[in-house]
Structures are given as C-alpha cells and as structure tokens.
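Letters go in sequence order (proteins before strands), and every chain restarts at 1. For the numbers below, each heavy atom of this structure counts, side chains included, while hydrogens, waters and symmetry mates do not. On a predicted model such as this, the values are computed, not experimentally measured, just so you know.
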Protein chains: 2
Amino acid sequence: MSKCEQCIVREFSSLKALTKEELLKLSDCKTSHIIKRGEVIFEEGENVNGIYCIKDGICKLIKLSANGKDHIVKLVTKGELLGQRSMISDEPVNLSAVALEDMHVCFIPKADVMGYFDQNNQFSMNVMKTICGDLKEADDHMVNLAQKTVKERLAETLLYLHDTFGKNEDESLKVQLSRDELASIIGTATESCIRLLSDFKKSGLIELTGKKIVLKDINALKKLAD
Amino acid sequence: MSKCEQCIVREFSSLKALTKEELLKLSDCKTSHIIKRGEVIFEEGENVNGIYCIKDGICKLIKLSANGKDHIVKLVTKGELLGQRSMISDEPVNLSAVALEDMHVCFIPKADVMGYFDQNNQFSMNVMKTICGDLKEADDHMVNLAQKTVKERLAETLLYLHDTFGKNEDESLKVQLSRDELASIIGTATESCIRLLSDFKKSGLIELTGKKIVLKDINALKKLAD
DNA sequence: ATTAAAACATGACATTTATCATATTAAAGA
DNA sequence: TCTTTAATATGATAAATGTCATGTTTTAAT
C-alpha cells in the first residue's frame, strides 16, 4: 500500500495540514480504489461513512431531480476530497459521484478522519474553508441559472472547463463531456445544447471534432458569458 | 446592554454551545442594532469582520447578477447567524443582506468569535453543520432552478414560505414579499410571477388580498411543485 | 467485422417565458 | 388631503427553449 506522506496529491487537499505522524497513521486506515469511467463512487442517499481523496481522474457530482433528469452540480478532480459535507453533517450524501474517466481514489473511514478534526485545528479549518468555497460557488451558480440565458451559460461553462481543467496538446478541452452531460451542467435540453454548440461553431467561437471541443475565440466567449 | 446568556434567541443558533462564561464575555463585545425595513445590513463585497446574530425580524440575502437584476439567494430569520461563511473564508461577504421587516440584530466582532472556534469544539462544529446545511440547500435550489418550470418553482416557494415562516392569524403567509421579490426568489420576470399568481388564484389554489397571500389548497400546490 | 445501441445532429413545431405597452391600484410624501 | 411615485395587473407580442421526429454518425458488443 502506498504511503500518504509520499502522495503528492495530498498537498492540494485539506489533508496538507496533517503532520507526518498523522499521515503515517492515515496510510494504515485508508483503502485504495481504481474506478473505471462511468462507474459510481457513491450514490445519493447512501451512507458513505468516510471521505474519498481523489488521487487521479475526474468525476461528476450529480443530483436526480423530480422529473427524472439529473443535474451535474459540480466536477471534482485530482487533489480534492469527496463526502466532506456528508461526514460533517452526519447525514447520507446528497449527491451521487460518477467517474468521468478512470480514477484512482483513496477512502478514509470517518472514524479516522474525525479524530484529526478535534486534534488538528488547521485541518478542520481547511475543510471548513473548502466547504465555504463550495457554498460561495453554489450561490454564484444559482444566480447564473436563475438569470442567464442558456447561451450565456454554455459560453460560461466552456470557459470554466477551459480555465479549471485545461487543455490537451491538440488544444481541445481536457474534460470530455457528452452533449448530454454538458446540457446537464448548464441546465437545458440536450438538443438545445447541441444546437447552440453548432451555432458557436458556425460563428467561429469553437471547433468541434467528435467529442473534442477547442475554444477558438476566448474573448468573444467571455463577452457572450457576460 | 442586554445579556447574551439571557437571550432566548441564542438557543436556536450555533451559539447555544457556548458556556455561561463565554456568553458573559460575549455580552461585552457585542453591539446591538435596530435595522428598519428596507435597510441594508451589509453589502456584497464588504468586509464585515464579524457575524450578526438575528434577535428579531427577517432579511433577504441577495446577489447582484451581471444583467443588473438581483436574485434572492436565501431568507434568514430570528435565531440565525449572518456572515459566517465570510468570517471563516476570511473574505468579503459574497451576498448583501437587506431587512424585509424591522430587525433587531447583534454584531459580534470576528476577533471575539474566532477565539471560541479554537476553544469550543462544539461551537465550531455547530457553525460547520449550519454551513453544510446551507450547501445542501443550495444544491437542491440549483437543481430546481435548472430543471423545474417557473410554475413549479412558484408553487414550491409558496409552500416553503408557509412551512418555514408560518402564517398570521388571518392565515396569510407571515413573510410579506413584493411580487418583485417573489420573482427574484424563483428566478423569473416580475410580470410572469404576477401572472402565475393570478392563475393560481383563479384555480383556487391561493387567495390574494393586496400583498397578503393565503394558501387555500396546499395539496394541490404540492402536486404542482412535484 | 458486423451488428446493435448509443450519441450526435437538425428540422418542424409547441410551449414557456420575457418584454413592451398600458391601465389600475396602493403607498408614500408634500 | 392631494399628488406623485411605486407596485400590481393584464394584454399583445416576441424571443427563448423544449419536445418530437428522424436521420446520421460514433461507439460498443458479439
């Protein structure tokens, strides 16, 4: 089993506040998992009883709505933790996590993490700040959904994917989402999303090659997104 | 100056975890404020440097969107705290708070609260749980905005106001919002909101008398809201 | 390699929602 | 009290978005 103290990923998460001794202990309780593209890490309503630390890969956090469609609430990637809110609230998770590409994650049981919560103030502060950041993001997202048009939201989402997850050597967005998934981030029908992507392509804002999307005119997209 | 330890309100907030001694100290640093309907408690971008404890009244937390309209992100009332996220993140507030009715609030400087954060684990845990609750709510709200129709959202919002803030002796909703404010909760144009209220009235779901709204058929509203 | 299934794309159309115009009513200030 | 302004209401219309149908392309499975 790999050692947490040698794991580069932890440097990016709240876990960076843990001491060498704490990390050593952590190595003993964690379990390592390989998750294939499309597989579910946990499901809405489940009792996860711990947190996942993402060592590699990206996943989507989705929530099923009353009408049966699901909405992508957030994308989470390497270096971030999953299930923190649920652990602190002591409630089942309110979102499902599904891998968008092959992932490597480590699971740390609740009992083991919670100990550090009381002992290590910097650690609990880090977790709290992350959750506060999520809340702020959620507020922003909410206002966008309420007040922006689908076109504006699409432009904004493309820029977000670009800025947050970067691009491949061929300039295409690193996160590859299906049209359906993209639609479920911006909150629209799949067909509307496809149609607008075509429009963007015709206007020279983006380039489409299969699932690959290349942002050609970032400034114009920024103007569109407001 | 009134004493925090005698304040009934604190029983409902995260502050309930504080000891008698801590509350006594708190009484000395807090400042008490009367805020009139329509007045601003703090504004988006401001450095608040502390938290507000709401002793009486209701306020709206709003966020200005790019198009100039503002969106009501949350209603906060008696017994709840304001500015927790900002304090923990050590950032300016991301929302403005405006009184919906005359309010009585107490301001506690950051320096004084943060001390209890380290000392009193139960207190920091309470604050964290509140923020986690807000995040969960925000996720739900997001999905609703993304996937429900305006009609469904209006029905849901009316039920929310009813269940959360209760009603007056004449059965009307206790929180009195303008059509404009209601529209800015559900994320629609004021006219659309007014029109749908009229429809609801015609269908016998609600009763309208000026600003007063009485829910006549809660079950039907629930069906509408999904 | 072949076939079946899923994802993508686009047209036609229906529905929802926003916008503009214009009354009417209620509230607030002089 | 009067007058001015803001809030509410409703119609007419435009614009945005969703839905259904259908064809094409891509992907996955046999």
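Rounded to a whole Å, the NZ atom of B/Lys211 is 8 Å from the P atom of C/dA28. As a whole-Å value, the separation of B/Arg179 CZ from C/dT24 P is 19 Å. With rounding to whole Å, A/Ile213 atom CD1 is found 14 Å from C/dA7 atom C1'. The nearest whole Å value for the distance from the CD atom in A/Glu181 to the P atom in C/dA7 is 9 Å.
If you take CG on B/Leu205 and CD1 on B/Ile218, they are separated by 11.0 Å, rounding to the nearest 0.5 Å. Taken to the nearest 0.5 Å, the OG1 atom of B/Thr130 stands 11.5 Å off from the CD1 atom of A/Ile88.
Side-chain atoms of B/Arg10 do not come within 3.5 Å of backbone N or O of B/Leu15 as any donor-acceptor pair. Judged purely by atom type and a 3.5 angstrom limit, A/His104 has no side-chain atom pairing as donor or acceptor with the backbone of A/Ile34. A donor-acceptor pair under 3.5 Å is formed between the side chain of B/Thr164 and the backbone N or O of B/Tyr160. Panel note: side chain A/Asp217, backbone A/Ala220; a donor-acceptor pair is recorded below 3.5 Å.
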Could you pull out every donor-acceptor pair under 3.5 Å between side chains of residues 48-70 of chain B and any protein atom, sequence neighbours left out?
from    : atom 1 : to       : atom 2 : distance (Å)
B/Lys55 : NZ     : B/Ser2   : OG     : 3.4
B/Lys60 : NZ     : B/Glu181 : OE2    : 2.9
B/Lys63 : NZ     : A/Asp140 : OD1    : 3.3
B/Lys63 : NZ     : B/Glu44  : OE2    : 3.2
B/Ser65 : OG     : A/Gln147 : OE1    : 2.7
B/Ser65 : OG     : B/Asn67  : N      : 3.4
B/Ser65 : OG     : B/Asn67  : OD1    : 2.7
B/Ser65 : OG     : B/Lys69  : O      : 3.4
B/Asn67 : OD1    : B/Lys69  : N      : 2.9
B/Asn67 : ND2    : A/Gln147 : O      : 3.3

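The side-chain hydrogen bond (donor to acceptor under 3.5 Å, both in side chains) contacts involving residues 75-89 of chain A comprise A/Arg85-A/Ser89, A/Arg85-A/Glu91, A/Arg85-A/Asn94, where partners must be two or more places apart or lie in separate chains. Annotation: salt bridge (charged side-chain N to carboxylate O under 4.0 Å, His left out) contacts involving residues 196-216 of chain B, sequence neighbours excluded, comprise B/Asp170-B/Lys212, B/Glu207-B/Lys216.
A heavy atom closer than 4.0 Å to some atom of DNA chain C occurs in B/Thr188, B/Ala189, B/Glu191, B/Ser192, B/Arg195, these being the qualifying members of residues 182-205 of chain B.
Each of A/Ala146 and A/Gly210 was matched to the nucleotide of DNA chain C holding its nearest heavy atom; the match closer to the 5' end belongs to A/Gly210. Annotation: of the two residues near DNA chain D, B/Asp180 and A/Val150, the 5′-most nearest-nucleotide partner is B/Asp180.
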Intra- and inter-strand pairs of DNA chain C in dot-bracket (Watson-Crick or G-U wobble, both distances under 3.5 Å; | for another strand): ||||||||||||||||||||||||||||||
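As judged by a 4.0 angstrom heavy-atom cut-off over every strand, A/Lys148 is placed among residues making no nucleic acid contact.
Chain B approaches DNA chain D over the interval D/dA7 to D/dA12, counting the first and last nucleotide 5' to 3' with an atom under 4.0 Å from its heavy atoms.
Side-chain contact between B/Phe200 and B/Leu208 is absent, with no heavy atoms from C-beta onward closer than 4.5 Å.
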Under the side-chain contact (heavy atoms from CB on, under 4.5 Å) rule, what do A/Phe165 and A/Leu173 come out as? Steps first, then yes or no, please. CA-CA 8 Å; A/Phe165 304 103; A/Leu173 295 180; over 6 Å; no
